[in-house]
Amino acid sequence: MRLHEILKHLCEPAHMPPVNPEIAGVVYDSRAVTPGALFVAYRGFHTDGHAYIPQALERGAAAVVYEDPAWDGRVPVPALRVPNARVALAPLAAAFYGHPGRRMRIVGVTGTDGKTTTTFLTSVALEAGGAITGLMGTVDFKIGERMWTNDSRQSTPEAPEVQALLRDMAEAGCSYAVIEATSHALSARWNRLAGSAFDIAVFTNVTQEHLDFHGTVEQYRRDKARLFEMLAEFNDAAAPFKQRKIAVVNADDPHHRMFLDAAPVSAERLTYAVHAHADVRAEDVRSTRDGLRFRVTTPWGAADARLRLTGDFNVWNALAALTVACAEGVPLERCLAALERVPGVRGRMERIEAGQPFTVLVDYAHTPGAFEKLFRIVRPLTEGQVIAVFGSAGERDRAKRPLQGEIAGRFCDLVIVTDEDPRLEDRAAIIAEIAAGAEAVGKRIGETCLCIPDRALAIRTAFAYARPGDIVLLLGKGHEGSIIYGTTPVPWDEAAEARRALAELGYGG
Ligand code: ADP
């Protein structure tokens, strides 16, 4: 694609650089520049990208977009100065990749909690209608049947990666892309999702978090509400399937109004709730060891729902998913049938089923707060034992270790302390610090608190102690793919290991 084609949305024809080279990529990291790239230089929070313009040129950059007037006239290739180059990155990337968001229906999910689960369930519910769906989340990426782990540390990738992935989705024949939209990615400062051409915006809930980045609660809410404003971004008569815009919000959240208000006037508005009055409602919610049951009433009919997900909050996530899918024309029964098959999102209260008479859940909870929340949900689900297997990372927050032991000790019948990324620390010492917390609340080492460094053996021990009706919690690793011993990550797959251990006991097959 030629430079002018990429710049035309950002720049008056009179200000176009006179030379119009072929562009091979849009890049913001000079180390990633390959010949023909358009290098985008902006002042970062730590480094100034302008300092890397010479390196980008050495590596063959064919053009530069920058923001610092000090570089005017100093760039020997076609160059354009814009007021804010970071904010320009997303529209430039969208243009370079041929605006892939305009070729599919794009669903964005924002909120403090439940984004990952809701995006995943939404893709499942949309697929129940026969659509090929793409997914961009914190844990996984997915295009149709192909699923892979999101290795980047950010939940929403940078704009060029977002647009490249959307392009891959469009080319694979996806009619939907479901995107987890964090407030960072949405904020005016990053603008990472601009140009994605959202059609459906979903709001889960908002609580106080990330305030260091967003400044105030108010600003944080506004950043999240931007997703709803972005429904106005692309609405072209030439693409009739992109004209229907839908705002979906959780009416149980006291702030849901501002999200509805942020959507364009012409957008359809749908609410879901467990408590409040809403278009889509769940009633008679019952939480059991096997999952959740409730009655759902919608503008498209009513039905009984039965999910294999653990945690009452998953009722909201499922309601959001089915609101989107039903609004898009998927029959309610089909949506529910598909949602009922979901054993959980990978590594988040993920149910491992091989026909064993006890429940096994894999969850990434690794902080005292998450432990407390999880045990409060799980403890009432069984009259039997709750058995927890977990550890604590080496060379990280030491203060949390006894707290983890204490909380697990209070809620669980049996605590099994094991390895979890010991790194260069002494494994036995980490485990002893955790066990001391459990001991402080009455657990006896060697009896109701076992110290088993080998995680595979710890899991097998938990299963050996489990009786019918018990719940075994495997905590801390979630979907992570390794355990770090010393400085070496050793491959690890908690769910697979649990399945292997169950198979050794004769379950599954
Ligand atoms: P996110 O991607 O927004 O972090 P997840 O779906 O991964 O959300 O859920 C993270 C945690 O937040 C869950 O383990 C659960 O404790 C909690 N949670 C999930 N969904 C909701 C919800 N709808 N409301 C409140 N809490 C939730």
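On a predicted model such as this, the values are computed, not experimentally measured, just so you know. Read the numbers this way: they start at 1 and go in the same order the structure lists the ligands and their atoms.
- A salt bridge does not link K400 to E372: none of the charged nitrogens lies less than 4.0 Å from a carboxylate oxygen.
- Judged by the shortest distance from any of its heavy atoms, N205 lies inside the 4.0 Å radius around the atoms of ligand 1.
- The protein atom (non-hydrogen) at minimum distance from atom 9 (O) of ligand 1 is G114 N, 3.9 Å.
- Under 3.5 Å, the side chains of D419 and Y485 contain a donor-acceptor pair of N or O atoms.
- Ion pairing between a basic and an acidic side chain is recognised when a charged N comes within 4.0 Å of a carboxylate O; D413 and R467 show no such pairing.
- With no hydrogens or angles considered, no side-chain donor-acceptor pair links S175 and R103 at under 3.5 Å.
- If you number the atoms of ligand 1 from 1 as listed, the ones under 4.0 Å from a heavy atom of T117 come out as 5 (P), 6 (O).
- Using a 4.0 angstrom heavy-atom cutoff, M349 does not count as in contact with ligand 1.
- For ligand 1, the polar-atom distance check against T116 finds a nitrogen or oxygen pair separated by under 3.5 Å.
- Any N or O atom pair closer than 3.5 Å counts here, and N317 shares at least one such pair with ligand 1.
- Contact annotation: for R348 versus ligand 1, heavy atoms closer than 4.0 Å belong to the side chain alone.
- Residue T112 places a heavy atom under 4.0 Å from ligand 1.
- Near E180, meaning under 4.0 Å from one of its heavy atoms, ligand 1 places the atoms 2 (O).
- With hydrogens and angles left out, the side-chain atoms of R281 and T297 include no donor and acceptor closer than 3.5 Å.
- Counting protein heavy atoms only, atom 26 (N) of ligand 1 is closest to D113 CB, 3.4 Å.
- In this structure, atom 11 (C) of ligand 1 has its sub-4.0 angstrom surroundings free of protein heavy atoms.
- Counted by atom type alone, D253 and N250 present zero donor-acceptor pairs between their side chains at under 3.5 Å.
- Checking only distances, G111 never comes within under 3.5 Å of ligand 1, N or O to N or O.
- Compare F120, F313, Y364 by their heavy atoms: the one nearest to atom 22 (C) of ligand 1 is in F313.
- Among all protein heavy atoms, the one lying closest to atom 17 (C) of ligand 1 is K373 NZ, 3.6 Å.
- Between R455 and E497 there is no salt bridge, since no side-chain N of the basic residue sits under 4.0 Å from a carboxylate O of the acidic one.
- The shortest N or O to N or O distance between K115 and ligand 1 is under 3.5 Å.
- For an aromatic pair to be called close, the ring centres must be under 6.0 Å apart, and F371 with F411 fails this.
- No hydrogens or angles considered: nothing links the side chains of D140 and W148 as a donor-acceptor pair under 3.5 Å.
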